[in-house]
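What follows is a set of notes on a single structure, which appears directly below.
In each ligand, atom 1 is the first atom listed, and ligand 1 is the first ligand listed. Side chains included, hydrogens not; waters and symmetry mates left out as well; all remaining heavy atoms used. Count residues from 1 along the sequence. Just so you know, these numbers come straight off a predicted model, no measurement behind them.
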Amino acid sequence: MEQLTGRNFNISIFISGRGSNLLSLIRYSKIKNSKIKINLIISNNKFSKGLEFAKKNKIKYCVIDYSKKKQAEDKILEYLRKNKINLICLAGFMKILSSDFIKNFKYPILNIHPSLLPKYKGLNTHRRAIKNKDKFSGATVHLVTPKLDSGKIIVQKKVRILKSDTEKTLAKKILKIEHKLYPVAIEKILKKI
Ligand code: GRF
């Protein structure tokens with residue numbers, strides 16, 4: 001992994017859908033003295049609601065045709081280089097990055113996941129936590145490695161699962177903490193590298 005230098009971090013956020021984490025990061029990037037700049041938004045889905053936030057905030061965005069994965073990833077790498085991106089944040093990006101992509105992008109890649117990893121990798125995390133009668137769930141930001149949802153954990157925050165919680169209410173509670181957690185993780189990673 002290459003060292004980051006200087007004080008400005010050029011971030012690319014990858015999305016596929018709603019984009020509420022993207023919106024919280026855009027807000028965070030606008031805070032006075034913020035060290036981050038969101039330079040590029042990548043989506044594999046032209047109908048992502050999150051693209052509206054890119055347009056409204058005049059952030060460059062790019063919809064990538066993912067019908068051929070290798071070509072899609074090569075194109076993304078080219079855009080990342082052109083825009084001098086030195087941190088990728090996956091925020092609800094529903095494609096798995098290949099190990100070649102991860103190797104070729106020399107900087108950190110973060111992902112946010114709605115569970116207390118290593119518990120419940122993959123999808124339907126809230127359903128599984130409720131079904132197993134877990135007392136807590138939460139959100140995790142971790143480094144991306146070729147193995148799904150398995151890289152080093154950067155930050156994690158717990159929420160209590162109430163008896164009355166449904167998949168929907170738990171998802172809502174966790175999403176709220178995700179919006180606070182992603183900026184914390186970015187601060188932490190920028191300090192470290
Ligand atoms: C979030 O719950 C995130 O943890 C998961 O996908 C969801 C994306 O939501 N990886 P949004 O698009 O940021 O609203």
Side-chain angles (χ1 to χ4, degrees), residues 11-30 36 38-57 59-64 66 76 87-98 101-102 108-132 134 136-161 165-189:
I11 299 189
S12 176
I13 300 179
F14 289 22
I15 59 168
S16 294
R18 180 179 53 188
S20 69
N21 277 289
L22 166 67
L23 181 60
S24 89
L25 289 174
I26 292 174
R27 289 185 175 142
Y28 168 68
S29 73
K30 290 187 171 172
I36 71 159
I38 300 170
N39 294 51
L40 180 66
I41 292 161
I42 299 280
S43 177
N44 64 306
N45 170 14
K46 66 176 175 190
F47 300 113
S48 299
K49 207 175 150 246
L51 290 174
E52 294 304 318
F53 304 131
K55 289 175 202 163
K56 259 190 219 144
N57 289 280
I59 300 172
K60 210 185 281 179
Y61 67 91
C62 189
V63 177
I64 302 286
Y66 242 85
I76 296 175
L87 179 64
I88 295 175
C89 294
L90 307 182
F93 185 60
M94 299 304 282
K95 295 286 175 189
I96 294 174
L97 297 173
S98 71
F101 180 96
I102 296 169
I109 306 175
L110 292 175
N111 181 42
I112 188 152
H113 185 77
S115 80
L116 294 174
L117 288 174
K119 263 193 158 180
Y120 311 127
K121 297 172 183 172
L123 298 175
N124 302 319
T125 55
H126 311 309
R127 191 181 309 162
R128 288 187 279 159
I130 289 175
K131 195 167 165 237
N132 286 340
D134 289 355
F136 293 95
S137 188
T140 305
V141 179
H142 64 94
L143 283 170
V144 172
T145 62
K147 234 172 139 202
L148 184 70
D149 299 330
S150 298
K152 185 177 185 292
I153 291 173
I154 306 299
V155 280
Q156 199 163 55
K157 195 164 165 54
K158 270 186 189 174
V159 291
R160 189 178 284 280
I161 304 179
D165 268 325
T166 60
E167 216 180 311
K168 210 170 154 192
T169 59
L170 184 58
K172 204 171 158 194
K173 270 199 279 193
I174 291 180
L175 194 63
K176 213 168 153 194
I177 64 168
E178 286 185 37
H179 296 159
K180 296 206 176 101
L181 200 62
Y182 222 154
V184 174
I186 293 176
E187 286 285 345
K188 212 170 157 187
I189 202 104

| request: With rounding to the nearest 0.5 Å, note down the distance linking CG in L110 to CZ in F14. | output: 12.0 Å
| field | Ligand-residue contact atoms, ligand 1 with E178, heavy atoms, under 4.0 Å | value | 1 (C), 2 (O), 3 (C), 4 (O)
| note | The atoms of ligand 1 lying under 4.0 Å from a heavy atom of G19, numbered in the order shown, are 11 (P), 12 (O), 13 (O), 14 (O)
| note | Minimal heavy-atom distance between I186 and C89, with the atoms involved, is CD1-SG, 3.7 Å
| said: Check this for me: does any side-chain nitrogen of one of K55 and E52 sit under 4.0 Å from a carboxylate oxygen of the other? | reply: yes
| remark: Ranking S20, G50, S115, A139 by closest non-hydrogen atom to atom 11 (P) of ligand 1, top hit is S20
| note | Here the pair of heavy atoms bringing S16 nearest to S48 is O-OG, 2.9 Å
| How far is atom 9 (O) of ligand 1 from its nearest protein heavy atom, and which residue and atom is that? | R18 NH2, 3.0 Å
| message | How close do K180 and V184 get, counting heavy atoms only, and between which atoms? | response | O-CG2, 3.3 Å
| task | Could you say whether the N/O atoms of G17 and ligand 1 ever approach to under 3.5 Å? | result | no
| message | Tell me the protein heavy atom at minimum distance from atom 6 (O) of ligand 1, and give that distance in Å. | response | G92 CA, 3.5 Å
| query | What's the shortest heavy-atom distance between I42 and S12, and which atoms? | reply | CG1-OG, 3.7 Å
| message | Under 4.0 Å, counting heavy atoms only: does I112 come that close to any atom of ligand 1? | response | yes
